[in-house]
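Notes follow the structure.
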Amino acid sequence: MTSRLLFAMLCAALLLLAGAPARADAGHDHGDAPAAPTGPALPRFTAVSDTFELVGVLDGTLLTLYLDRFADNAPVPQATLELDIGGTTVKAEPHGEGLFEVQLADVPAPGVLPITATVIAGSETDLLAGELDIHADAHEDAAAPRNWRRIVGGALGGAVVLALLIALARRARASRTPQVGGAA
C-alpha cells in the first residue's frame, strides 16, 4: 500500500469518527436524561396579595384554581371564590380545601385575558388580579429541535469520504490497465 492511500484511508476514518457521539463508561455517566415534555404546557396565571395566592390552570374550557395563604402556602379552608374573567362574572365551585373549578362556556381566544378574583375566607376578604396569556399553538415548532451543525458536518464528511473512495477506485483501475506498445 502506498503512503498516499494509507493517508487517505486514515483521513476517511477520522472524518467518520468525528461525527460519532461520545460515550461515558460506567460510573462516569449522569444517569438517564430527564424526560422531555411531550405536549404544550397549559396556560396558567397567578394572582397574589399579602394574604392569598391564586394559581389558575386552563385546560380547554376547564379552569382549575388553587388558593393558598401567601405566607405558608397552606390551602385556604371554607373559602368562596368569585372570578371576573374578561368581563364575565362566574362563581368557582369548591372541590376540596383550596381547590376550585370553573367550567367556561367557550375556549378563550388567544391573547391576554384579565382575571379578577374576589376571595372570602371567614372574616377575610381580598381582591386578586392577574392575566391569563393564551398563545395559539406556541409549541408547534418546538416538537423536534434539530442540531443543524451536526447534520451538515455529517453530510460534508460523507461527501469527502465518497470523493476519496471514487478517486482511489479510479487510481486503482488506471494502474491495472495494461500499457500497449513499447519503446522504439
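Residue numbers start at 1 and run along the sequence shown. Note that the structure is predicted; figures quoted are calculated from it, not measured.
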- What's the spacing between Ile166 CD1 and Arg171 CZ if we round to 0.5 Å? 15.0 Å
- Is Leu104 reachable from Ile134 through a run of hydrophobic residues whose side-chain heavy atoms are each under 4.5 Å from the next? yes
- Item | Results of side-chain contact (heavy atoms from CB on, under 4.5 Å) for Leu113 - residues two or more places apart only | Ile85, Pro108, Leu132
- Residue pairs passing the side chain to side chain donor-acceptor pair (under 3.5 Å) test with at least one member in residues 154-168, sequence neighbours excluded, are none
- Sub-4.5 Å side-chain heavy-atom contact between Phe45 and Leu58: no
- Does anything in residues 56-84 pair up under side chain to side chain donor-acceptor pair (under 3.5 Å), and if so which pairs, sequence neighbours excluded? Thr61-Gln103, Arg69-Glu124
- Message: Under the rule for side chain to side chain donor-acceptor pair (under 3.5 Å), what residues qualify as partners of Thr118, not counting sequence neighbours?
- Response: none
- Message: Rounded to the nearest 0.5 Å, what separates atom OG1 in Thr125 from atom CZ in Phe52?
- Response: 8.0 Å
- Atom of Ala92, atom of Leu65 and distance for their closest heavy-atom approach: CB-CD1, 3.9 Å
- Would a 4.5 Å heavy-atom cut-off, applied to side chains only, mark Val90 and Leu63 as touching? no
- For residues 86-97, the salt bridge (Lys or Arg N to Asp or Glu O under 4.0 Å) pairs (sequence neighbours left out) are none
- Message: For Ala79 versus Leu67, what's the shortest heavy-atom pair and its separation?
- Response: CB-CD2, 3.8 Å
- Task: Identify the heavy atoms of Leu128 and Ala47 that sit nearest to each other, and give their distance.
- Result: CB-CB, 3.6 Å
- Residue pairs fulfilling salt bridge (Lys or Arg N to Asp or Glu O under 4.0 Å) with at least one residue in residues 107-120, sequence neighbours excluded: none
- Query: CG/Leu62 to CD/Glu101 distance, rounded to the nearest 0.5 angstrom?
  - Reply: 4.5 Å
- Hey, what do you get for CG (Asp126) to CG (Leu81), rounding to the nearest 0.5 Å? 11.0 Å
- Note on the structure: In this structure, CD1 of Ile120 is separated from CG of Leu127 (nearest 0.5 Å) by 10.5 Å
